[in-house]
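Have a look at the structure below, then the notes.
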Amino acid sequence: MKPAIGRDTMMCMSLSARPGNFGSRFHNHLYDAMGIDGVYKSFSTTDLAGAMAGIRALGIRGCAVSMPFKEAAITLLDDLDASARAIDSVNTIVNDGGHLTGYNTDYGAVRTLVTRSGITADTPFLLRGSGGMGKAVAAALRDAGQTQGTIVARNADAGRRLAEQYGFGWVAELDDAPAAGMLVNVTPIGMRGGNEGALAFPDAMIAQAVLVCDAVAVPVETPLLAAAARHGVARITGEQIAVLQALEQFVLYTGQTPNDAQVAAAAVFAAAG
């Protein structure tokens, strides 16, 4: 059991436009299980610069960064790890004595899960979205060996730029997209409190896929994932991505690595909240 909260308690946090409970429950469960004197709390803000200044001034040890702050936070940091510098997207901030360094743990999580899926390198894929998470996923797919990809993004500048950076194609609308065996959603479509209930890809397109990946973690069973299950299509869930990236964050913040049983228990606890 962790010590009672006191002046030496490590504080970690997350920033998101739509704060959820997954990260808080995951990290706090591990603090309890491993006896770590820490507290994790989620926040939202309309003053990102002020939030970053607060992290620095108050000695907040770590901060997870979600939409829409993954790119905007970069200019407010002192340094970028290679994982964030390569894709110009931050989802994790570590505070070392007032020196803020940005990391990206989404990249490693997605690359690991795609590699584990066993999908062949020549399987065409569609990646819907071109924001900060889109950058991490595009880089992870390329580095996992995928070569036949198309970015689907209405923002022509961002979509083309992302496609060109990683050697993929670009289209503005799904109606213009080529057939694909892997479908990846990195937009808020299907997210609780946003476009909940909407499908990121047409049902007919899902039925013909061999693998579907949804970066949305809340709800755990998005409409896209439910449709994939209905058609017997293999899935990579937002919850799986969230667990792996949060585990890497936990290690960065604490310097400690939980065992597999502790991670599994924290994941179950987090998903139930």
Side-chain angles (χ1 to χ4, degrees), residues 1-16 19-43 51-52 54-66 69-70 73 77-86 89-113 115-116 133 136 140 215 217-218 220 237-273:
M1 187 67 66
K2 73 178 182 181
I5 295 174
R7 65 181 185 183
D8 296 323
T9 298
M10 175 188 68
M11 179 71 185
C12 292
M13 59 179 283
S14 65
L15 280 176
S16 172
N21 288 325
F22 189 94
S24 296
R25 289 173 66 87
F26 182 86
H27 286 267
N28 285 318
H29 190 279
L30 286 177
Y31 295 159
D32 283 337
M34 300 174 70
I36 294 173
D37 186 10
V39 172
Y40 188 108
K41 173 77 169 62
S42 62
F43 294 92
M52 293 295 107
I55 290 169
R56 195 189 307 272
L58 297 175
I60 305 298
R61 171 58 179 163
C63 177
V65 182
S66 298
F69 306 121
K70 292 185 177 186
L77 304 176
D78 301 304
D79 200 6
L80 289 180
D81 178 73
S83 62
R85 186 182 304 112
S89 177
V90 165
N91 81 322
T92 304
I93 298 168
V94 177
N95 182 1
D96 290 302
H99 186 89
L100 304 186
T101 302
Y103 296 77
N104 195 299
T105 65
D106 290 327
Y107 164 87
V110 173
R111 182 174 179 178
T112 295
L113 290 166
T115 300
R116 286 179 186 173
M133 187 65 177
V218 181
V220 173
T237 71
E239 181 186 5
Q240 290 174 302
I241 297 171
V243 168
L244 286 185
Q245 69 84 20
L247 173 58
E248 187 176 345
Q249 289 176 332
F250 180 89
V251 175
L252 286 170
Y253 299 156
T254 68
Q256 299 187 46
T257 303
N259 61 42
D260 290 346
Q262 289 170 328
V263 174
V268 170
F269 181 77

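Please read these numbers as outputs of a predicted model, since none were measured by experiment.
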From [atom1] ([X]) to [atom2] ([Y]), nearest 0.5 Å:
{"X": "Leu113", "Y": "Leu244", "atom1": "CG", "atom2": "CG", "value": "5.0 Å"}
{"X": "Tyr103", "Y": "Ile93", "atom1": "OH", "atom2": "CD1", "value": "11.5 Å"}
{"X": "Thr112", "Y": "Tyr107", "atom1": "OG1", "atom2": "OH", "value": "9.0 Å"}
{"X": "Phe269", "Y": "Asn28", "atom1": "CZ", "atom2": "CG", "value": "8.0 Å"}
{"X": "Cys12", "Y": "Lys41", "atom1": "SG", "atom2": "NZ", "value": "14.0 Å"}

If you compare all heavy atoms of [X] against all heavy atoms of [Y], which two are closest, and at what distance to 0.1 Å?
{"X": "Asp96", "Y": "Arg61", "value": "OD1-NH1, 2.7 Å"}
{"X": "Gly35", "Y": "Pro3", "value": "O-CD, 3.7 Å"}
{"X": "Ala215", "Y": "Ile241", "value": "CA-CD1, 4.1 Å"}
{"X": "Val220", "Y": "Glu239", "value": "CG1-OE1, 3.1 Å"}
{"X": "Val263", "Y": "Phe26", "value": "O-CE1, 4.1 Å"}
{"X": "Ala84", "Y": "Gly102", "value": "CB-O, 3.7 Å"}

Practice problem: Report the residues that fulfil ring-ring contact (aromatic ring centres under 6.0 Å, His included) with Tyr31, sequence neighbours left out, ordered by chain and then residue number. | Solution: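 Here the qualifying residues are Phe250.
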Quiz item: Listed by chain and number, what are the ring-ring contact (aromatic ring centres under 6.0 Å, His included) partners of Tyr40, not counting sequence neighbours?
Solution: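 Listed in chain order: His27.
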Exercise. Before giving the answer on side-chain contact (heavy atoms from CB on, under 4.5 Å), spell out for Arg56 and Asp78 the whole-Å C-alpha distance, their side-chain angles and the decisive distance to 0.1 Å.
Key: CA-CA 11 Å; Arg56 195 189 307 272; Asp78 301 304; 2.5 Å; yes
Is [Y] close to [X] at the side-chain level, that is, under 4.5 Å between some pair of heavy atoms?
{"X": "Leu77", "Y": "Met52", "answer": "yes"}
{"X": "Gln249", "Y": "Asn91", "answer": "yes"}
{"X": "Lys2", "Y": "Ile36", "answer": "no"}
{"X": "Thr254", "Y": "Met34", "answer": "no"}
{"X": "Leu58", "Y": "Met13", "answer": "no"}
{"X": "Phe22", "Y": "Val243", "answer": "yes"}

Quiz prompt | Donor-acceptor pair, side chain of Asn95 and main chain of Ile60, under 3.5 angstrom | solution =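 Indeed, once roles are kept as given, a pair shorter than 3.5 Å links the two residues.
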Self-check item: Whether Thr9 side chain and Gly6 backbone form a donor-acceptor pair below 3.5 Å
Solution: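 Answer holds: yes.
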Exercise. Would you mind telling me which of Asp106, Asn104, Val110 makes a side-chain contact (heavy atoms from CB on, under 4.5 Å) with Gln245?
Key: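 So, applying the side-chain contact (heavy atoms from CB on, under 4.5 Å) to Gln245 and each of Asp106, Asn104, Val110, only Asp106 qualifies.
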Quiz item: More than 12 foreign heavy atoms under 6.0 Å from CG of Asp260: is that the case here?
Solution: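 Not buried by this count: 12 neighbours or fewer within 6.0 Å.
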Practice problem: Determine, stepwise, if the pair Thr105 / Leu252 fulfils side-chain contact (heavy atoms from CB on, under 4.5 Å). | Solution: CA-CA 10 Å; Thr105 65; Leu252 286 170; 4.2 Å; yes
Quiz prompt | Set of side chain to side chain donor-acceptor pair (under 3.5 Å) partners for Ser83, sequence neighbours left out | solution =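 Partners of Ser83 by the side chain to side chain donor-acceptor pair (under 3.5 Å) criterion, ordered by chain and then number, come out as Asp81.
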